[in-house]
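The figures here come from the full heavy-atom set of this structure, side chains too, leaving out hydrogens, waters and symmetry mates. Predicted model only: the values in this text are computed from it and were never measured.
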Amino acid sequence: MKAYLTRRYWFCASHRLHCDDMSAEENLAAYGKCNNPHGHGHNYFLEVTVAGHVDQSTGMVCNLVDLDNFVKEKILERFDHQNLNTLAEFQGMVPTTENLCIGAYDILHKEFHYAEVDKVRVEETMLNSFEYAGGREIRY
Amino acid sequence: MVYLTRKAEFSASHYYHNPEFTPEENQRIFGKCNNPHGHGHNYTLEVTVKGEVDRRSGFVVDLKELKEIMNREVIDAMDHRFLNKEVGDFKDVIPTTENLAISIWRRLQPKLNLAKLHRVRVYETPDLFVDFYGEA
């Protein structure tokens with residue numbers, strides 16, 4: 001039996017949306033307040049969905065302790081209370097929440113091997129959120 | 001095709017234990033959840049059905065009927081129960097949230113005539129939920 005398990009985490013970080021290839025006017029037009037050179041911050045909510053067959057002996061798709069430890073070490077401890085623009089993942093890239101979502105998915109997809117990583121969802125505010133499943137269609 | 005989701009809440013206790021594991025293995029794999037006296041959650045159940053909108057009623061499904069089925073098949077059986085001891089589904093199955101979602105699917109699916117069951121989502125806490133789509 002295949003089931004999908006989703007765990008919700010959160011972290012706080014700052015960013016500035018700015019593209020070096022655009023003029024100052026273009027940046028302001030594209031990013032508005034988010035182009036403020038001093039940056040600004042969000043409480044990000046990160047939802048990680050893993051998929052797999054429910055192990056008959058444990059009743060689990062994946063042990064939550066393994067998922068929690070991985071996300072804590074590889075994502076939360078690295079992103080929490082950081083300026084995203086300064087992180088290696090976002091060099092040469094604008095740290096929009098689209099790119100943050102892709103970055104988090106890529107970390108999980110490459111290094112988390114206890115279960116299939118189905119998708120990552122990131123809420124930037126209560127009013128917007130982003131989902132990425134490695135380019136695949138997302139199941140609702 | 002329109003998708004309709006109905007929510008319900010129930011509170012229950014459970015613990016995780018596999019009699020084929022040694023006490024040490026049970027403790028290592030299930031941690032605090034292995035406490036034999038159980039612990040509880042406020043579960044939120046979301047049942048999503050899909051179907052075409054009936055031209056005359058404008059409904060995908062009669063919500064009252066869906067609510068009654070959910071109450072009868074799930075809430076009445078599980079609310080304020082110790083899942084391991086009082087719900088037969090978990091006599092030989094560990095009542096993890098994964099298995100709870102599968103069990104609820106099996107209870108609801110044969111009872112739904114008007115619309116097709118699409119997804120069962122069970123929240124154990126606001127930070128953890130499981131989706132089951134009836135996949136083998």
Side-chain angles (χ1 to χ4, degrees), chain A residues 1-12 43-72 75-76 79-80 104 108 112-123 126 129 131-133 136-140, chain B residues 1-5 14-22 25-34 41 44 46 48-50 83-84 89-106 109 118-136:
Chain A
M1 293 286 162
K2 188 174 187 183
Y4 299 74
L5 180 146
T6 301
R7 182 72 148 168
R8 191 169 158 93
Y9 307 91
W10 64 285
F11 61 94
C12 311
N43 295 328
Y44 292 96
F45 286 88
L46 168 71
E47 284 184 6
V48 177
T49 301
V50 294
H53 290 277
V54 179
D55 184 292
Q56 294 227 334
S57 64
T58 62
M60 296 173 175
V61 165
C62 137
N63 195 320
L64 272 178
V65 175
D66 294 328
L67 183 61
D68 284 353
N69 286 344
F70 181 91
V71 172
K72 192 174 169 209
I75 299 178
L76 303 182
F79 289 10
D80 188 41
L108 282 150
F112 186 73
H113 303 303
Y114 292 101
E116 173 197 335
V117 177
D118 182 60
K119 72 167 181 180
V120 166
R121 177 171 176 271
V122 180
E123 285 179 27
M126 282 174 68
S129 66
E131 291 176 271
Y132 183 67
R136 284 178 289 113
E137 286 258 351
I138 289 174
R139 166 160 225 170
Y140 288 101
Chain B
M1 184 77 79
V2 174
Y3 295 76
L4 181 148
T5 301
H14 67 174
Y15 76 113
Y16 295 169
H17 182 82
N18 185 334
E20 290 171 12
F21 294 161
T22 63
E25 281 176 318
N26 271 299
Q27 187 57 46
R28 179 175 56 77
I29 294 167
F30 298 125
K32 283 192 293 188
C33 300
N34 188 229
H41 298 285
T44 300
E46 288 181 6
T48 303
V49 297
K50 61 184 173 185
L83 299 176
N84 304 64
D89 310 30
F90 304 111
K91 189 171 167 285
D92 299 311
V93 171
I94 304 170
T96 56
T97 312
E98 291 91 325
N99 281 331
L100 198 45
I102 292 170
S103 160
I104 291 171
W105 176 284
R106 286 177 174 161
Q109 203 264 337
H118 174 67
R119 183 182 73 192
V120 167
R121 172 174 285 186
V122 181
Y123 284 86
E124 184 182 88
T125 68
D127 291 337
L128 175 67
F129 61 87
V130 168
D131 290 328
F132 185 63
Y133 295 87
E135 290 172 294

With a 4.5 angstrom heavy-atom cut-off, which part of [X] approaches chain A: side chain, backbone, both or neither?
X        : value
B:Ala101 : neither
B:Pro126 : backbone
B:Phe129 : both
B:Ile102 : side chain

Which residue out of B:Ile94, B:Thr96, B:Asp131, B:Asn26 racks up the most heavy-atom pairs below 4.5 Å with chain A?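 Looking at each of B:Ile94, B:Thr96, B:Asp131, B:Asn26 in turn, B:Asp131 comes out on top.
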More than 12 heavy atoms of other residues, nucleotides or ligands under 6.0 Å from CD of B:Glu135: is that the case?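 Above 12, so yes.
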Around B:Met1, counting heavy atoms of other residues, nucleotides and ligands shown, do more than 12 lie under 6.0 Å from its CE?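 Atom CE in B:Met1 is packed in, count exceeds 12.
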For side-chain contact (heavy atoms from CB on, under 4.5 Å), just list the numbers for A:Thr58 and B:Phe21, CA-CA rounded to whole Å, side-chain angles, deciding distance to a tenth of an Å, and then say yes or no. CA-CA 10 Å; A:Thr58 62; B:Phe21 294 161; 4.2 Å; yes
Where do B:Asn99 and A:Gly59 come nearest, in terms of heavy atoms and distance?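 It is ND2-CA, 3.4 Å.
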Do you know the tightest heavy-atom contact between A:Met1 and B:Phe132?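 In terms of heavy atoms, the two residues are closest at SD-CZ, 3.5 Å.
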How far apart are the C-alpha atoms of A:Leu5 and B:Thr97, what are their side-chain angles, what is the distance that settles it, and do they pass the side-chain contact (heavy atoms from CB on, under 4.5 Å) test? CA-CA 9 Å; A:Leu5 180 146; B:Thr97 312; over 6 Å; no
Quick check on A:Val61 against chain B: is it the side chain, the backbone, both or neither that has a heavy atom closer than 4.5 Å?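 The answer is both parts of A:Val61.
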Short question: side chain of B:Asn18, backbone of A:Ser57 - any donor-acceptor pair under 3.5 Å?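 Yes, because the side chain of B:Asn18 sits within donor-acceptor range (under 3.5 Å) of the backbone of A:Ser57.
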[atom1]/[X] to [atom2]/[Y] distance, rounded to the nearest 0.5 angstrom?
X       : Y        : atom1 : atom2 : answer
A:Met60 : B:Phe30  : CE    : CZ    : 5.0 Å
A:Arg7  : B:Glu124 : CZ    : CD    : 8.0 Å
B:Glu98 : A:Asp55  : CD    : CG    : 10.0 Å

